[in-house]
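Everything below concerns the one structure shown next.
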Amino acid sequence: MAGLFSNALEMIKELSTPHAVQYLEPIWSGVDEQIQKLQFSLHLIQPLVEDAEARQLKEQAVRCWLVQLKDTVYDAEDILDEAKTHELLIQRKAQLSGRPRSKVREFFSLDHNPLLFKLQLGEKLRNVNENINDLIEKMDKFKLRPDVENNSNPLGNRPQTYSYLHESRVILGRDEDKEKLVQMLISDCFGEKVAVVSIVGMGGLGKTTLAQLVYADERVKNHFEQCIWVCVSDDFDVPRLAGKITRTAGGGIRDSTNMEMLQQDLRNVLGQKRYLLVLDDVWNEDFQKWDALRNMLLAGGEGSRILVTTRNEKCSRMTGAQKPYILSGLSKENSWVLFEQKAFVDDAEKAPELVEIGKKIVMKCQGLPLAIQVMGSIMRCKSDQSEWQSVLENETWKSQHTENKIMPELWLSYVDLSSHLKRCFAFCAIFPKDHEFKEHELIQFWMAHGLIPSGKGTDMEVEGRETFTELIRRSLLQNCFAPWCECERVCKMHDLIHDVAHFVMANECFTSLKGSTAPEIPIKPRHLSIDAGENYNQGDCSNIHTVLLPYFRGGELSVMSKLKLVRVLDLRRADIKELPASIEHLHHLRYLDLSFTEIRKLPESICMLVNLQTLILYECRYLSKLPKSITYMSSLRHVLFVEFLKYHPRFEALTAGLSQLQNMKTLTVYTVEDDAENNIGQLKSLNPFSELALYNLQKVKNADDARKANLGNKQLIHTLRLSWGKSSWGSDDECCSMENAEEVLEALKPPSGVKKLTVSYYPGKQFPMWMGERQQFQYLHSIILYKCKACEQLPPFEILPCLESLEISRMHGIKHIINNRGNVQQLFPALKFLKLEYMENLEGWCVEEGREANLSLFLRLKRMEIKGCPKLTTLPLGILLGLEELIMVEMDGIKHIVNNRRGNVLQSFPALQKLFLVSMRSLEAWCVEEDREANLSLFPCLTSMEIRRCPKLTIMLPETLPCLQELSMYEMDGIKHIFNNRIGDAPQSFPALKRLLLDKITNLEAWFVEEGREANPSLFPCLISMDIIECPKLTTTMPPIPTLQKLYMRNSFCETQISLKSTRRSFFKHLESLQSLTINSCTEELVLLLEDEEETKAMKSSLTDLWVDSIENLVSWPGEMQGWKSLKNLAICLCKNLTAASSQGDCGPPFLTGLNVFGCDALRKLPLCPKSLQSLYISNCPVMESLWPEMGHLASLSTLEVGNCPKLVSLSHGMQALTSLQDLSITSCPALKSFPEGLQQLLPTLKKLKIKKCPELERLCKPGGDYYNLLSTTSYKQIGEESIQVPREISIGAKQALKCIATNRFLLSAILICAIACFIYFLFNQLDNQNEKESWYIPPT
């Protein structure tokens, strides 16, 4: 709160400077008296605010007074900002017109008339002063005391070399809790297929941390086939959670709003796997919501577990947790150890008196880890005994847990902050819980609201980073792992800490909750966040400072014209293609984010955003240039637009002079040009933060010009891209020749703190030595080299101590990766990812032949990708101990995976988990030594293997792959058998395999090389999913697979008829767990087998989905299916000779819910369906004339879609009984002239109707048609090409305004005077412009 006073006082100081008075003199006389009164009042109240803030937790009257005071000071700040902005607007218009503004013109101007502005400003200031005087009178009864403790110590006085403690050290005294929970999860003590375990405890106990510890335990990872973590928090929205679980588990979402598709997607991704799902921070008490989600989660395998963390025991019971684990606080001893870690410097002597006080403080924290951590962080800043004693004796402790649920120890952490830190901390409340704060983004938000103190001789960005660091150091923000953002800090805020921030900002923030009904914006909010697609009542938006509209859909940007005082506008991923014209009137805007939008251009009028500091244009791939007027925006500090250049390489050069803007700090992309205003020397005055990409470096004339950029002193850069082309990743014609390229790159030596370096299209033959300097680049962890075609030798990257990622692409001059001839034994000590792509002349790993075997190469390598290097004949020699993923594509020189012949220890891959081999045309075998493969254990940990187009590879691995879970093979012409092992009676098998895909294995004949071995049930003991595609020579039947749940067959078993006729063999007989079966383009005998009672007996109780596709000789429906009680979905597609129901009759699946019939050219009528049917889809049946004579028994039918049935003349009788029908779609059925009478009765109850390419039906449904009035309540309808939404209520605001004007003589007179003023102003402009050239932008008047 005191920080708000400081901002207002700072503004008064700025408005009193001679420079400002020069512009404001016409309006200042008469207003300065009110300014002085405001200044005096603020100085009077400011010392007392700290005491009021500390007391508001306990005293409601003080809190109400503070809320009113804050609101009034906000108003004062807005008024002062208007005056400051008025000054900037006068200057900007003078700049644009090229001459000072005419006083006569200004007088007749409606927006800058000094008399009018003075009257408005003076009136607003008088109102503010009156309000403050009233508050001062009320203040006396609270007996507030001045803040005697100086809480405003600058951050610069704090130790800057503070070393953060590792997060694992916070986990104290939880070993026993962890062990009990692990045992509960992996044991079979529950009688349920999917059991729930809950961790229950109050906030701050460390439930999430304990769950993370359990989740990361190796026993848990090995026990469960899939582990999923989802943070739930306050909003228990079932569709959102289902989608989140599916995405986290690696699946795709087809429609995030369709529950049917969501449950199918979720069921597919779980796929009967034994999974662990952690639902963190659950608050929901609605059993129906929980039951809806849990039903979708039952698709998991036996032994699946759901681990729930919650503060509410009632919530735990609602989930059905049999054994809730009640988490208690830390013991006295562990509490003290945790506090000690935070409060005292490691290994430093602890004063006995501080230890004594500290133990008393710990007792007050009641064993809560979060409270102990926060209090320890507070005390670390205090070295005097009196300061410790003051905290111990603070009155806040007596409040215990208030009705606001703010813990006193956490409130003390807020009270202890300096005034500007309080505002920065409280501002975080505008974001939802569990939000991840990116450092630079949060700092730019703070700057936009004036929360970062200025005038200390340092940049605001530097002050912001120190503020961010201080909040982390005080444990108010917590570092979190964010792999998508490696080069900057990302933090989260604990829920209880967020509660404190929200308590402070409760009357200033408004967030529309997802799913709520048209929330109304409160009277005077300052910060607004609206979910995509939510309806809201705009109310009064004139006081709003922050608007967050991410993922905004629709055209409701009319609200923008009402945002007179907005400072932050976030429209990232919004569905917009252009900015509304009203954007130029947002004169107070400081932060504008248009990232990931389809915006085509920025208007020239954007220059009227005179306060804009940050403009973000990430991934605006349709934006081709920046407006010329942007060079006048002197307040701009950050222009961020990276990455979209690779999609839009024709992006024009930056507007000339942009780099000369005096306040510019970050310009993430700079395209060098020949002219003086865009040459590389313009970078000298910039100090970019975070990222910088330099393009068109071929335009740099020489090393002297390059040195003018002063790149080495720009210490805030952590990601640097250098390109001798217009983009980082373009076509071959980007490459250029340049004689002085080497000396230019030498002169562009980056700062020592750079973490990521990319060099592309470099035309030099050698790289500079600085690229391999060990000491210079000790923080460099990523290097990318792309299309540097002339280079013949790499720098000594192998000695860089922190290099984790190395990518080299299309560098045809490179023959070896390592050129060092020294005595260094351990090379690439930190490398984790290596990618080599299309290097035509790469021959080996080391320039010294034979030396490679004596080196320790890639000891930490986790992932290796090698593609298109035809001369490379071997992988690195030796054992790649840590390699987890290996990808090789188009490596024609590789004949064997293992090439080491020395001794008895052959190279192997002890940690490899994923192997991907594609188009290895010369690959003949796994090992160079024939007959040695059987003795090898090459891949003991392999879990996933994919092999494509390796024609010379004739056998699978002879060894047992104990951990392999996924095996995919494509176009492997040399493979005739899956199992090749003939040794003994124990054939090679896949004991852990769960998914098998065989695609276009055209010569595959049998599972086993030894005939008669297919009946062995141990071949696939754990297989869940099998896809067999285009394996026409596979004549054997299916082996017994009792665990198989999904079987897909297409263009396979084409010669199986003989096998099926044998009484000794069976096909489906031993598939007792099968749930999904697809038979596509196979012999019709496979479909006819479904009628065999003995053959299908085992799977009748499990099969839920049956898809029969493209069986040309199938003439009738599968009969005798009455016993298929588990079958829910049936699809018959592209069976062109299917004519009738045959024996189906009343013997169909009794509980069928979905039927899909597609492309059956000869089908005239449908089989009788059970009353359980819920969805029916019929399309491309050209001879079908009607559905059924009667369908009134289908009372559960909710969706009916009929399409492309040109001879369909009628639907069915009895449709009035279809009381569940919600969605009706009829397309391309021109012979259908009308709806049956029963269906006409249901039209008013439909939610969705689509009629297309049915001329007569379209006419009946359009205005004037017989059905039009019946469709008035339908939420969505598409008739022909026109989509119609239910229209919103028409606003009567315009009519009321006209009525008000017509009856008010004063308003009519005012409008007449304004019209005359506008006419006179127009005449002045016409006279002034007669002798002027036409300009590209004329500012509005």
Side-chain angles (χ1 to χ4, degrees), residues 50-51 54 57 145 147-177 204-206 209 328-401 407-418 421 469-476 478 494 496-497 500:
E50 298 287 349
D51 186 40
L57 187 67
R145 297 174 300 172
D147 181 30
V148 293
E149 294 186 12
N150 182 17
N151 281 330
S152 58
N153 292 329
L155 290 175
N157 294 338
R158 300 195 184 277
Q160 297 300 303
T161 58
Y162 186 87
S163 177
Y164 299 107
L165 301 176
H166 196 276
E167 293 292 331
S168 63
R169 296 183 63 181
V170 178
I171 313 299
L172 298 167
R174 294 301 191 200
D175 293 340
E176 184 179 351
D177 297 311
L205 271 176
T209 305
S328 57
L330 295 178
S331 66
K332 181 179 177 181
E333 294 76 16
N334 287 322
S335 296
W336 170 248
V337 174
L338 178 57
F339 179 84
E340 202 174 22
Q341 288 179 354
K342 282 289 180 183
F344 298 102
V345 179
D346 290 343
D347 302 326
E349 186 177 353
K350 305 173 184 66
E353 57 274 14
L354 297 186
V355 171
E356 183 180 353
I357 298 171
K359 289 185 175 180
K360 293 178 181 178
I361 292 175
V362 170
M363 290 294 291
K364 290 178 178 287
C365 292
Q366 302 175 19
L368 291 177
L370 178 63
I372 296 167
Q373 185 177 356
V374 170
M375 290 308 300
S377 298
I378 292 175
M379 304 318 294
R380 195 180 185 95
C381 307
K382 304 179 186 299
S383 56
D384 189 74
Q385 181 179 352
S386 62
E387 293 179 304
W388 282 56
Q389 192 69 31
S390 175
V391 172
L392 178 63
E393 296 173 355
N394 194 291
E395 289 293 317
T396 304
W397 291 108
K398 298 179 182 179
S399 68
Q400 294 305 316
H401 295 280
M407 296 197 310
E409 49 271 38
L410 299 185
W411 181 249
L412 282 176
S413 67
Y414 170 74
V415 172
D416 188 65
L417 297 173
S418 64
L421 275 175
T469 299
E470 183 71 0
L471 293 178
I472 294 174
R473 196 192 65 75
R474 289 172 174 266
S475 300
L476 298 176
Q478 300 170 338
H494 190 280
L496 291 179
I497 303 277
V500 175

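- Put simply, the side chain of Lys332 does not reach to within 4.5 Å of the side chain of Lys359, judged on heavy atoms.
- Side-chain contact between Ser418 and Glu470 is absent, with no heavy-atom pair separated by less than 4.5 Å.
- Ile372 approaches Leu330 most closely through the heavy-atom pair CD1-CD1, 4.5 Å.
- Rounded to the nearest 0.5 angstrom, Glu387 CD and Gln389 CD are separated by 12.0 Å.
- Taking the side chain as every heavy atom from C-beta outward, Glu353 and Trp388 never approach each other to under 4.5 Å.
- Shortest non-hydrogen contact noted between Gln385 and Leu354 is CA-CD2, 3.8 Å.
- Atom NZ in Lys342 sits 14.5 Å away from atom CE in Met379 (nearest 0.5 Å).
- Once rounded to the nearest 0.5 Å, the distance linking CG of Asp175 with CG of Asn334 reads 9.0 Å.
- Atom CZ of Arg380 sits about 11.0 Å away from atom CZ of Phe339, to the nearest 0.5 Å.
- With a 4.5 Å cut-off on side-chain heavy atoms, Leu476 and Leu417 count as touching.
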